[in-house]
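Just below is one structure, and these are the notes that go with it.
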Amino acid sequence: MWMSTLSRFALPALRRSTAAMACQALRACRRPGQAAGPLPSCLSSVQLRGQHTLGSASVSLACHSVRHVRALDEDRLMEVEWEDGGHSLYPFTWLRDNCQCPLCTLESAQARKLLMSDLDIHTGVDVVEVTNDNKVSIVWPDQHTSVFDAEWLKKRCFSPAARQAMQEELFLNERYYWDSKLRIPTADYQEVLHDDKAALAWLSALRRVGIVYLKGAPAEQGQVARLAERIGYLRLTFYGHTWQVQDKYMANNVAYTSGRLSLHTDYPALHFAPGVQFLHCINQALEGGESEVVDGFHMAEQLQREDPEAFWTLTSLPVDFTDTGTDYCDFMLQSKKCIIDVDTEGRVVRINYNNATRESVLDLPLHQVQPFYRALKAYVDIMNRPENMVTYRMEPGDIVTFDNWRLLHGRRSYISRPDRLRHLEGAYLDWDEVMSRLRILRNSVHNDA
Ligand SMILES: C[N+](C)(C)CCCC(=O)O
Ligand SMILES: O=C(O)CCC(=O)C(=O)O
Ligand SMILES: [Fe+2]
Ligand SMILES: [Zn+2]
């Protein structure tokens, strides 16, 4: 059995929601000086692997009251002492920049009105104090006054732990790395469409695991578009708003044949490749057509461990990709990217690899050509190990949703018969839109709870 319910992977979101609920309850009934209780042990962190692991730092049950504030004029910092004994430091410049008053902030847009040209980055303060309703008030030298909410300040504390917790809350970068033992998280298509909790569990698992299977869609076109509407809007490309994966005459892409597709990410020929992909099975072949997936981030981690030189090569040598043809309209794409993209801290953030669209123009000095092939082969060999790959067979009504920046996917060849046409409908989305819906669902589901 290769499927699994979503709940296993939704734990951290659950933990966060419980913390939010507990905080609300505390706010309602807590008397000054009363401490917040510990996290229930049943909500302890699930085992996660990978470099983005942050443990449970993002959750704190305490509601934060200010005990004392003072200005450290020498360092131009405001120090907040919290009721629980902790301390936070805030630069004067940052506080002035983020004044929440209606002169400095357009409340209806929650956007800054204050202009950079009007910000004195060397400002001092006249008075800092705690107000009766537990806010922090600052009077600036020009007598402008800013009032900051305690909870708002606490979330924006500059300590490494608080910053990390805030970044995790905003971007959910904690990943669960997997291999062939993965049971793909699975949800019901109709539930995801109609129930916010189910949609939240779907998108949380999509972010964390990189792949979620949906079952129970009608076996007719239009479902990936409906699913995209659940989030926001889909990503138009040269292959159309949605696209039909079928064995086509004079195919403009290798995907549109009955041949084998080796493990790839879609569309490296675009400099900004689609972040998320949906594939809906409308008709499956009688024979063949099975799907294969691997966790590209996990594979990159293995490559880095086993063959650091190959990892270095794939993260530093840009490769050309190309795609030419006609579909939605005529196109002639060229791109350059590293097969493995890392961020400034060296963490793997994107895989760009489709062997079909890798350019024959190889813009490398002669002496780097063979090392490049050796490195690529090493990465592909790791991906193709049976212990790393998950294989499944889509049936009509199944939709697979996956992280196209992280997973590599492939398809076994199939027997094409005119009376039994294999047909998948696909669509792309971008992570910004998916993350936007995920944050909104998290807020609404947790506020209802
Ligand atoms: C499936 N299709 C044709 C939209 C894209 C295939 C991926 C690629 O060419 O990189
Ligand atoms: O046919 C399949 O199962 C997958 C197709 C695919 O990977 C693609 O269209 O890019
Ligand atoms: Fe693909
Ligand atoms: Zn102001």
Side-chain angles (χ1 to χ4, degrees), residues 92-107 111-115 118-120 123 125 135-148 211 213 224 237-240 242-248 251-270 273-285 287-294 296 321 323 327 351-357 390-396 398-416 421-428:
F92 289 170
T93 307
W94 176 82
L95 287 162
R96 182 64 194 86
D97 182 39
N98 291 288
C99 176
Q100 300 291 296
C101 90
L103 286 176
C104 299
T105 303
L106 178 61
E107 220 179 331
R112 185 178 296 102
K113 263 168 57 177
L114 182 67
L115 306 180
D118 294 332
L119 176 69
D120 175 5
T123 186
V125 300
K135 292 179 193 293
V136 174
S137 147
I138 303 175
V139 182
W140 302 99
D142 63 0
Q143 301 312 295
H144 188 88
T145 302
S146 303
V147 178
F148 297 101
I211 179 166
Y213 211 79
V224 288
T237 70
F238 285 124
Y239 290 98
T242 70
W243 26 271
Q244 314 308 318
V245 182
Q246 283 171 321
D247 187 13
K248 297 176 187 174
N252 62 4
N253 193 285
V254 293
Y256 299 159
T257 67
S258 60
R260 176 182 179 88
L261 299 180
S262 61
L263 291 167
H264 65 280
T265 61
D266 268 25
Y267 241 145
L270 291 172
V276 172
Q277 178 167 172
F278 297 165
L279 282 173
H280 173 211
C281 178
I282 294 169
N283 230 326
Q284 184 56 283
E287 241 188 283
E290 293 85 358
S291 309
E292 300 177 333
V293 285
V294 296
F321 291 90
D323 199 19
D327 202 309
I351 309 297
N352 308 293
Y353 177 58
N354 185 340
N355 209 48
T357 58
V390 175
T391 304
Y392 56 93
R393 191 165 202 279
M394 298 192 81
E395 296 300 337
D398 295 354
I399 299 180
V400 65
T401 64
F402 61 91
D403 183 345
N404 187 56
W405 282 4
R406 171 176 170 191
L407 268 68
L408 295 103
H409 62 285
R411 170 193 76 203
R412 298 202 183 140
S413 64
Y414 60 91
I415 312 274
S416 198
L421 263 187
R422 185 180 187 271
H423 180 194
L424 309 187
E425 185 177 29
Y428 299 122

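Start at 1 and go down the list; that is how both ligands and their atoms are numbered. Every value quoted in this text rests on a predicted model; they were computed, and no experiment measured them.
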Under 4.0 Å from any heavy atom of V245, which atoms of ligand 2 are there?
-> 1 (O), 5 (C), 9 (O)
Check against side-chain contact (heavy atoms from CB on, under 4.5 Å), F278 and T242 = CA-CA 9 Å; F278 297 165; T242 70; over 6 Å; no
Strictly under 4.0 Å, does any heavy atom of R422 approach an atom of ligand 2?
-> yes
What protein N/O/S atoms are found closer than 2.8 Å to the Fe ion (ligand 3)?
-> H264 NE2, D266 OD1, H409 NE2
Taking all atoms of both residues into account, what is the closest heavy-atom pair of I399 and H280, and its distance?
-> CG1-CD2, 3.5 Å
Y239-D323 side chain donor-acceptor pair, cut-off 3.5 Å | yes
Among all protein heavy atoms, pick the one closest to atom 9 (O) of ligand 2 and tell me residue, atom and distance.
-> A255 CB, 3.3 Å
L424 heavy atoms, cut-off 4.0 Å: which ligand 2 atoms fall inside?
-> 1 (O), 2 (C), 3 (O)
Are any non-hydrogen side-chain atoms of D398 and R393 less than 4.5 angstrom apart?
-> no
Classify the side-chain pair Q246/R422 by whether it contains a donor and acceptor separated by less than 3.5 Å.
-> no
Distance-only N or O hit between ligand 2 and H409, under 3.5 Å | yes
Within a reach of under 6.0 Å around CD of E107, are more than 12 heavy atoms found that belong to other residues, nucleotides or ligands?
-> no
Once rounded to 10°, what is the value of the angle centred on the Zn ion (ligand 4) between H144 NE2 and C99 SG?
-> 110°
Do the ring planes of F92 and W140 sit parallel (below 30°), tilted (30 to 60°) or perpendicular (above 60°)?
-> perpendicular
So does E395 have more than 12 non-hydrogen atoms from other groups sitting under 6.0 Å from CD?
-> yes
Polar side chain donor-acceptor pair, N404 to Y428, under 3.5 angstrom | no
With the Zn ion (ligand 4) at the apex, how many degrees lie between SG of C101 and SG of C104, rounded to 10 degrees?
-> 110°
Proximal ligand 2 atoms for L261, defined as those under 4.0 Å from one of its heavy atoms = 5 (C), 6 (C), 7 (O)
Under 4.0 Å from a heavy atom of D266: give me the atoms of ligand 2 that qualify, with their elements.
-> 10 (O)
Nearest heavy-atom contact between P141 and T123 is CD-OG1, 3.8 Å
Hey, does R260 have a side-chain heavy atom less than 4.5 Å from the side chain of E292?
-> yes
Hey, is ligand 2 close enough to R411 that some N/O pair sits below 3.5 Å?
-> yes
Residue part near ligand 2, for H264, under 4.0 Å between non-hydrogen atoms = side chain
